[in-house]
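First up is the structure itself, then whatever we jot down about it.
Predicted model only: the values in this text are computed from it and were never measured. Lettering of chains follows the sequences in order, A, B, ..., and the numbering in each one begins at 1.
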2 protein chains.
Amino acid sequence: MRVLVVEDFEVMARSIANGLRREGMAVDVVLDGNDALEHLVATRYDVVVLDRDLPGLHGDDVCRRIATDGRESRVLMLTAADTVKDRVDGLGLGADDYLSKPFDFSELVARIRALGRRSNRPLQPILECGDVSVDSNRRIAFRSGCRLELSAKEFAVLECLLSSKERVVLSDELLERGWDEFVDPYTTTVKTTIRRLRIKLGDPPIIHTVREGGYRIGEL
Amino acid sequence: MRVLVVEDFEVMARSIANGLRREGMAVDVVLDGNDALEHLVATRYDVVVLDRDLPGLHGDDVCRRIATDGRESRVLMLTAADTVKDRVDGLGLGADDYLSKPFDFSELVARIRALGRRSNRPLQPILECGDVSVDSNRRIAFRSGCRLELSAKEFAVLECLLSSKERVVLSDELLERGWDEFVDPYTTTVKTTIRRLRIKLGDPPIIHTVREGGYRIGEL
DNA sequence: CAACCGCTGACACCGCCCTGACACCGTGCC
DNA sequence: GGCACGGTGTCAGGGCGGTGTCAGCGGTTG
């Protein structure tokens, strides 16, 4: 899952980003609204975590812009205020969810996950294919009832493949959805991650290679 | 927008339903979980407003069932409790959003609206001709139900022929659509690829040659 | 602070099969 | 028969993806 954190207080921004990365998300950070808009036209994010009180371009404006442009991303608005009026305002601007500071980190994660599920078309909280299943919320994966111990990247790739179940997913697409903006586009890390994933998934093989492009998960 | 309200306390249920109707939504009401499931198989709802504390079948169970069956609807969970743990739990079960009682009605509406604006993805293009079919998304081809193992070029050519079903496709056109711009225009590779494709497609022949021109796919 | 561990990503190597060229053959038309 | 076009058999090479390994990094633990 690809997340953009927009928060001007750098310490907070970093802390959120690192926390989310530990949860296996690919996180980019920007410190102001204009930067946010630039990133949003360049990259497809599943979820934008948006501080409402930004210097310069206000969070509300960013939110409105995201809502007007054909929205690809879900917006989770962060704010210091917490009156019902604020919450309704936020949702009215096109935010998809709302969280007031101070917040509990596990709740932030839960809400981002819930939003992320909606942005992926087949919006199933539990993704399945054959005897392989992942629970995005709990970040656990199974094969024929057996729990798999997956690393963050392995999980991200598996999740991505499953969310496009049976469809071919290009390596570039995996890279885009599972890694942050600083990744070398010629990296071989997807190849390596797929390999590790295959080993952990065991037999019979369920991740298929499509020459000249990418991978597909499916029983045949 | 089609909404199902699941709430055992009838006064509350009616009040919510009427309020939503005033907002222009089509609302059905049921008072318990089993009824909810029945309605869900019969009708496609955009949003389900689900009370967590239901007599009989618990809200969590309903939620889980919605999540397991290919979910069409988004779930907004209503609850009396409002601890962080509860909220995380709810989202973890596959609810898409969460609201604790007592809630502000305008916030309920805003959240339902936020959940409601979603589109269904377009159908995947499957090209067919006679007993030959190609699924572009999955990069899979079949002949009379039997999976064909095609290489990238073979697949590209077959796809191209099928997309111009029954029409003559010139070799140059195949070259243009299946190869990159640097290909030698006098190459014989299309000829070779067609041959390999014919072998894999087997009998009866379905790719026909048009002298001086190209190829056509069709049953006769 | 040192030792350790798991995750990540780079890199080198290897083997396969895809690719495309070429030579030859079959066929229909002049 | 000769020619032109397309089908067939075959072969070399190279590209792509799989595999094994290693080093760096960050977090954790004693």
B/Arg195 CZ to C/dT19 P, in whole Å, measures 15 Å
From CG of B/Leu174 across to C1' of C/dG20 the rounded distance in Å is 16 Å
Closest non-hydrogen contact found for A/Ala36 with A/Leu4 is O-CD2, 4.1 Å
Does OP1 or OP2 of C/dT8 have a side-chain N or O of A/Ser151 closer than 4.0 Å?
yes
* More than 12 heavy atoms of other groups within 6.0 Å of A/Arg147 CZ -> yes
*Count the heavy atoms belonging to other residues, nucleotides or ligands that lie under 6.0 Å from CZ of A/Arg21, then report whether that count exceeds 12.*
yes
- Query: With distance as the sole criterion, is a donor-acceptor pair present between the side chains of B/Glu159 and B/Ser136 under 3.5 Å?
  - Reply: yes
From CZ of A/Arg21 across to P of C/dC7 the rounded distance in Å is 18 Å
Q: State plainly whether the residues B/Glu154 and B/Arg198 are in salt-bridge range, i.e. N to O under 4.0 Å.
A: no
query: Between A/Asp46 and A/Arg2, is there a salt bridge with N-O shorter than 4.0 Å?
result: no
Min and max contacting nt of DNA chain D in 5' to 3' order, chain B heavy atoms within under 4.0 angstrom, are D/dA4 to D/dT10
In B/S/- notation (B base, S sugar-phosphate only, - none; protein heavy atoms under 4.0 Å), nucleotides 21-30 of chain C written 5' to 3' is B---------
note: A/Glu149, atom CD; C/dC5, atom P; distance rounded to Å ~ 18 Å
*asked:* Can a side-chain donor-acceptor contact be found between A/Arg52 and A/Ser100 if the only test is distance below 3.5 angstrom?
replied: no
Contact check, residues 197-207 of chain A vs DNA chain C, heavy-atom distance under 4.0 Å, returns none
### Message
Please classify the nucleic acid contact of A/Tyr215 as base, sugar-phosphate, or nothing, using heavy-atom distances under 4.0 Å.
### Response
sugar-phosphate
Below 4.0 angstrom from OP1 or OP2 of C/dG20, is there any side-chain N or O of B/Trp179? yes
Review point. So, B/Arg177 versus B/Ser163: side-chain donor-acceptor pair below 3.5 Å or not?
Key: yes
d(B/Arg167 CZ, B/Leu161 CG) to nearest 0.5 Å is 10.0 Å
Flag side-chain contact, heavy atom, 4.5 Å: A/Ile217 against A/Leu158 = yes
NZ of B/Lys153 to OG1 of B/Thr192, rounded to nearest 0.5 Å, is 13.0 Å
